[in-house]
Number of protein chains: 2
Amino acid sequence: MLHEEVVGRIRAILLDGEIPPGARIPERELCERLQISRTPLREALKVLAAEGLVQLLPHRGSRAAKLTDKDMRDLFEVCQGLEALAGELACERITDAEIDAISAAHGDMVRHYRDGDLIQYYRGNRAIHEAIITAAGNPVLAGLYSSVTARIRRARYVTPMTPERWAVAVKEHDAILNALQRRDGVGLAHILRAHLRHKREEVLQAGFAETEGSELAPSVA
Amino acid sequence: MLHEEVVGRIRAILLDGEIPPGARIPERELCERLQISRTPLREALKVLAAEGLVQLLPHRGSRAAKLTDKDMRDLFEVCQGLEALAGELACERITDAEIDAISAAHGDMVRHYRDGDLIQYYRGNRAIHEAIITAAGNPVLAGLYSSVTARIRRARYVTPMTPERWAVAVKEHDAILNALQRRDGVGLAHILRAHLRHKREEVLQAGFAETEGSELAPSVA
DNA sequence: ATCGACAATTTTGCATTCAAAAATGCAAAA
DNA sequence: TTTTGCATTTTTGAATGCAAAATTGTCGAT
């Protein structure tokens, strides 16, 4: 098994919540599960710690990182910035074909909304946001976005929604598509920021934070 | 020696250019220099690879990452977005004391400009940008900023300057300070973006890119 | 002389091993 | 009964050893 694959597998385990936030990461157990020894496992844990998904305590092992309300706010704030930037860049660079694809995805998503299928709605929603990032044509941006969204994914896509909020979100997505089609970068950036601000309010209001204590080192020194 | 210290030491070696971009990283040599064995060294290299400073080639060792023109552009683009975001947030949160400190740093920097001391000017310049990031009060943002700026530092702070460009940069810094003092977040964001856009143009024009080949994986999966 | 194949050497990646630190359990004392 | 101190056990962090892969060097054929 390749290094990147090990990192990916553990990341998935953490994002799925299979090891819940704050829980100890059972080194020995993961080793036999992934059929690897401790050396590559520990290399992967160090990488994930740099990403902010794992918390390393010297001589006390590693735990799945917990997010405080403040962490959540910070992550959403950065996510807003990244999406807004991506929106602007996407408007400069997106092709007609990409716009058509997003338009189609948007249609699907609205259908799922009408059907009341939140799971599928979220799936489509995420696809659209990621398509915008892709259209920005900036791999560095895409990488940071992945890293930041991974950490708030559960909050972002698990929070229950009121009918009112859902309706607002869909309206915002109409505006997002519209700005894209008009290639109105500044407008798109504004809408994306408002959209995520609303999402953040939902999440924080739902009290999704995973702890009240203190932790979470900045992901990079 | 602690894990984070090992990472820091190697990062410094790479940023100083002691191991030039594209060069093989001599594992054995670094081991005896840092007085550690290969295991912790390799853990550190994996972390730095996730940051984008090191390129891992399976079964072929690791090299110091090289930046293409495209990479440089992408990094500057993201840096612009992060600084603009930091500027907006800083205007909401910065204290009078922090503004005073930045104002003083600005004065010093301008003095160095008048003296024609580019090194000291750059030092002050960087301090101001970092103070704005700090004032934004968002550790996640600060972490990403560190990571991105680390990768373009040499380009950003080593490129020679023409007198004209330098004068423009100083004028822009006047505007930056002014916007901060007025706590004009939107204005500050605009100035910071323009400021970095100009810097990027300088750098790319100077042909700082470290290779014409292809490399550099997105820093995070 | 140059090119290609094969062997020797080096280097990588991982499993194992070892020492140190922390956690745990137990017993004795308050 | 609770608490404190100590010994045992477990777990962590790092060094070493080993097999596989890649690189290098050499030799022979053209």
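Just so we're on the same page: letters track the sequence lines, and every chain starts at 1. Heavy-atom basis, side chains included; hydrogens, waters and symmetry copies ignored.
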TODO: Would you check if there is a donor-acceptor pair between the side chains of B:D71 and B:T68 at a distance under 3.5 Å?
DONE: yes
Task: Under 3.5 Å on both distances, the Watson-Crick or G-U partner of C:dA28 - done: D:dT3
- [ ] Between B:H59 and B:E43, name the one whose nearest nucleotide on DNA chain D is closer to the 5' end.
- [x] B:E43
Open item on the list: Counting only heavy atoms not in B:R60 (residues, nucleotides, ligands), do more than 12 fall under 6.0 Å from its CZ?
Closed with: no
Open item on the list: Nearest whole Å is fine: how far is C:dT10 P from B:R38 CZ?
Closed with: 15 Å
TODO: Under 4.0 Å between any heavy atoms, over every strand shown, what does A:L57 touch: base, sugar-phosphate, or nothing? Just pick one.
DONE: sugar-phosphate
Task: A:R60 side chain near C:dA21 phosphate (N/O to OP1/OP2, under 4.0 Å) - done: no
Task: A:E43/A:K46 salt bridge by N-O under 4.0 Å criterion - done: no
Task: Euclidean distance, atom NE2 of residue A:H3 to atom P of C:dA15 [Å, nearest integer] - done: 14 Å
Open item on the list: Pick the closest DNA chain C nucleotide for A:P58 and for B:T39 by heavy atoms, then say which residue is nearer the 5' end.
Closed with: B:T39
- [ ] Please examine the side chains of B:Q80 and B:R200, heavy atoms only from C-beta on, and report whether any two atoms are closer than 4.5 Å.
- [x] yes
Open item on the list: Reading DNA chain D from 5' to 3', where do the contacts with chain B start and stop? Cut-off is 4.0 Å to heavy atoms.
Closed with: D:dA14 to D:dT23
- [ ] May I ask you to check whether over 12 heavy atoms, not counting those of B:R154, lie within 6.0 Å of atom CZ?
- [x] yes
TODO: Take atom CG of B:L57 as the centre, draw a 6.0 Å sphere, and report whether it contains more than 12 heavy atoms from other residues, nucleotides or ligands.
DONE: yes
